[in-house]
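Naming convention: chains lettered A, B, ... in sequence-line order (proteins, then strands); numbering from 1 in each chain.
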Amino acid sequence: MHDIRLIREKPAVFDIAMARRGLEPQAQRLIALDARRRQAVSRLQEAETERNARSREIGKAKVRGDEGRFKALSAKMAALKSEMERLTEEVRTAEEVLNQHLAALPNCPADDVPKGEDENDNEEIRCWGEPREFDFRADDHVAVGGRLGLDFERAAALSGARFAVLQGLLARLERALGQFMLDLQINKHGYREISVPYLVRDEAVFGTGQLPKFADDLFRTGDGRWLIPTAEVPLTNLVRDFIHAEDNFPVRMTALTACFRSEAGAAGRDTRGLIRMHQFQKVELVSITTPDQSEEELERMTRCAEDVLRRLELPYRVMKLCAGDMGFSARRTYDLEVWMPGQNTYREISSCSTCGDFQARRMNARYRKGGGKAIDFLHTLNGSGLAVGRALVAILENHQQMDGSVRVPEALRPYMGGHGVIQP
RNA sequence: GGAGACGUGGCCGAGUGGUUGAAGGCGCUCCCCUGCUAAGGGAGUAUACCUCAAAAGGGUAUCGAGGGUUCGAAUCCCUUCGUCUCCGCCA
């Protein structure tokens with residue numbers, strides 16, 4: 001959510017930011033809506049002041065037992081009252097319209113975010129590991145996994161497209177990955193483990209920015225709740241509607257959860273394999289910081305996500321997303337892309353973003369500076385550390401062997417009951 | 001699912017129609033006093049919005065949320081969310 005006062009003060013800056021997002025200039029319209037709102041509020045408050053004064057007089061007359069004066073004064077209130085009703089309605093609609101407009105606009109990109117429209121304009125920041133040279137024909141994960149217990153047909157019979165069933169050591173590998181990642185973030189990187197609800201209400205999803213614009217991407221329950229598309233939603237909303245003490249921060253939280261996405265806009269994309277599922281596991285990282293900490297925290301968080309790939313011996317690169325490719329709430333985003341031999345390309349496996357105060361405003365999550373009087377909005381960051389399903393894909397493809405088996409990276413073996421290889 | 005109770009400031013807790021943003025207590029901050037500690041005295045201690053070039057100042061709203069009754073609502077009515085108790089069911 002944007003601060004209308006900032007827009008009022010620096011409309012040109014705001015419109016430049018929106019232009020980088022590929023949007024038309026917005027400031028003029030928003031300022032006009034705000035002016036209308038403020039005028040209505042002022043008028044209403046004047047009317048309320050008058051009402052309060054008159055009510056007091058009426059009260060005095062009543063107490064004195066001055067029936068005549070009481071009736072005369074009461075009669076005069078009728079006009080004021082209907083005027084107030086009109087003004088109240090005007091304020092309500094003015095606020096609603098302004099908020100609707102504000103809530104639908106994406107966050108402003110940070111200054112250093114590259115210009116660009118899509119992934120082709122993203123900027124490579126660094127690269128780790130060498131894509132492996134295979135001395136046999138490398139399969140993609142569907143073929144490799146198919147021999148090890150990955151079954152899309154059974155899943156389709158149960159649930160439809162974009163679901164998978166994992167069996168045997170493959171199921172265990174998924175569990176091992178989740179446990180390994182979670183333990184790493186908790187024990188080595190100082191994140192606090194949190195267990196969260198998978199079903200959340202409107203306000204939570206609005207807070208992180210999926211609502212109102214992206215309702216189509218989410219699953220909704222019969223009783224009006226939403227299945228979380230990422231643990232970012234419950235984790236971030238943990239600090240909502242509260243004024244926190246400054247010395248709490250940074251707060252670092254992590255959770256291993258299932259994530260549910262309708263993939264409404266992805267018809268026909270990534271239909272093969274595990275890349276794009278309606279349901280997948282993910283270890284999420286969320287940091288809540290004061291405004292001065294968030295820049296550094298994003299670098300730190302990205303490193304925490306990268307560490308998972310290094311320990312899993314998976315080559316990857318770090319991309320700084322261009323303005324057009326960033327998510328709605330993000331101010332700056334680093335994507336981690338892991339090398340996928342089966343597709344001969346890098347694929348996104350983590351996305352680490354700082355949202356600045358954008359989500360905090362929507363959630364009304366604030367802190368008190370240094371125990372003093374000043375209050376400000378917090379900053380929120382989120383990142384995957386990592387997506388378990390895609391990590392599984394990367395393992396199958398990168399660590400496959402000529403005989404159809406898959407080597408289990410050293411770091412994962414304690415979680416695999418000592419299995420070093422998954423055999424067909 | 002059935003029956004009932006309750007939601008007041010950081011916390012506890014008064015308050016059933018008229019200067020109540022809200023008594024009292026605790027906590028916290030500052031000051032005074034005390035050799036230290038303990039005790040004591042005094043002052044202060046919500047948020048948002050509007051107005052103002054800004055500060056000062058002024059105004060409005062907020063007693064879970066939304067709506068209604070009323071000249072006037074923390075107080076009455078309705079809806080909703082949440083909490084608790086009992087019964088039923090259940091991993």
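Ion pairing between a basic and an acidic side chain is recognised when a charged N comes within 4.0 Å of a carboxylate O; A:E46 and A:R43 show no such pairing. Between A:E24 and A:R29 there is no salt bridge, since no side-chain N of the basic residue sits under 4.0 Å from a carboxylate O of the acidic one. Here A:E263 pairs with A:R276 in a salt bridge; the nearest charged N to carboxylate O distance falls below 4.0 Å.
Nearest nucleotide to the side chain of A:I375, out of B:U47, B:C50, B:G18: B:U47. Side-chain atoms of A:I243 lie closest to B:U47 of the nucleotides B:C49, B:U47, B:C71. Nearest nucleotide to the side chain of A:K81, out of B:A46, B:U70, B:A48: B:U70.
A:F219 does not carry A:R261 over the face of its six-membered ring by the limits of under 6.0 Å from the centre and within 45° of the normal.
Note on A:L73: nothing from the nucleic acid sits closer than 4.0 angstrom, heavy atoms only. Across all strands, A:L80 comes closer than 4.0 Å to no nucleic acid atom at all (heavy-atom distances). A:R38 comes within contact range of the sugar-phosphate backbone alone, with a heavy-atom separation under 4.0 Å but no base atom that close.
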Derivation of the side-chain contact (heavy atoms from CB on, under 4.5 Å) call for A:V239 and A:Y367: CA-CA 10 Å; A:V239 298; A:Y367 76 103; over 6 Å; no
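Within the structure, a side-chain polar atom (N or O) of A:R5 is placed less than 4.0 Å from OP1 or OP2 of B:C49. Taking 4.0 angstrom as the limit, A:R366 places a side-chain polar atom (N or O) nearer than this to OP1 or OP2 of B:A48.
When rounded to the nearest whole Å, the span between NZ of A:K71 and P of B:U70 equals 17 Å. If you measure from atom CD of A:E203 to atom C1' of B:U80, you get 12 Å, rounded to the nearest angstrom. Taking atom OH of A:Y198 as the reference point, atom P of B:A91 lies 21 Å away to the nearest angstrom. In this structure, CD of A:E85 is placed 12 Å from C1' of B:U70, rounded to the nearest angstrom.
Nucleotides B:G58 and B:C63 place their P atoms 23 Å apart, quoted to the nearest Å. The same atom, P, is picked in B:G64 and in B:C11; the two are 13 Å apart, to the nearest Å. For the C1' atoms, the distance linking B:C28 with B:U19 amounts to 29 Å, nearest Å. Using atom P as the reference point in both B:A53 and B:A48, the two lie 22 Å apart (nearest Å). For the C1' atoms, the distance linking B:A46 with B:C84 amounts to 27 Å, nearest Å. The P atoms of B:C52 and B:A65 are separated by 30 Å, rounded to the nearest whole Å. Annotation: B:C33 and B:G42 have their C1' atoms spaced 11 Å apart (nearest Å). Comparing the C1' positions of B:U20 and B:A74 gives an interatomic distance of 9 Å, to the nearest angstrom.
Summarising the local packing, NE2 of A:H419 is surrounded by 12 or fewer heavy atoms from other residues, nucleotides or ligands at distances under 6.0 Å. Surrounding CZ of A:R220 are more than 12 heavy atoms belonging to other residues, nucleotides or ligands, all under 6.0 Å away. Around atom CD of A:Q28, no more than 12 heavy atoms belonging to other residues, nucleotides or ligands sit under 6.0 Å away. No more than 12 heavy-atom neighbours from other residues, nucleotides or ligands sit within 6.0 angstrom of CG on A:D111. Summarising the local packing, CD of A:Q423 is surrounded by more than 12 heavy atoms from other residues, nucleotides or ligands at distances under 6.0 Å.
Put simply, the side chain of A:T254 gets close to the backbone of A:E284: a donor and an acceptor are under 3.5 Å apart.
Residues from residues 42-52 of chain A placing a heavy atom under 4.0 Å of any atom in RNA chain B, listed by number, are A:S42, A:Q45, A:E48, A:T49, A:R51, A:N52.
Residue-to-nucleotide proximity on RNA chain B shows that, of A:R201 and A:V41, the 5′-proximal contact is made by A:V41. The residue among A:R92 and A:E95 whose nearest nucleotide of RNA chain B lies closer to the 5′ end is A:E95.
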Strand RNA chain B as a dot-bracket string - pairs counted if Watson-Crick or G-U with both distances under 3.5 Å, | where the partner lies in another strand: ((((((((.[[[..)..(.....]]]((((((.......))))))((((((.....)))))).[[[[[..)....]]]]])))))))....
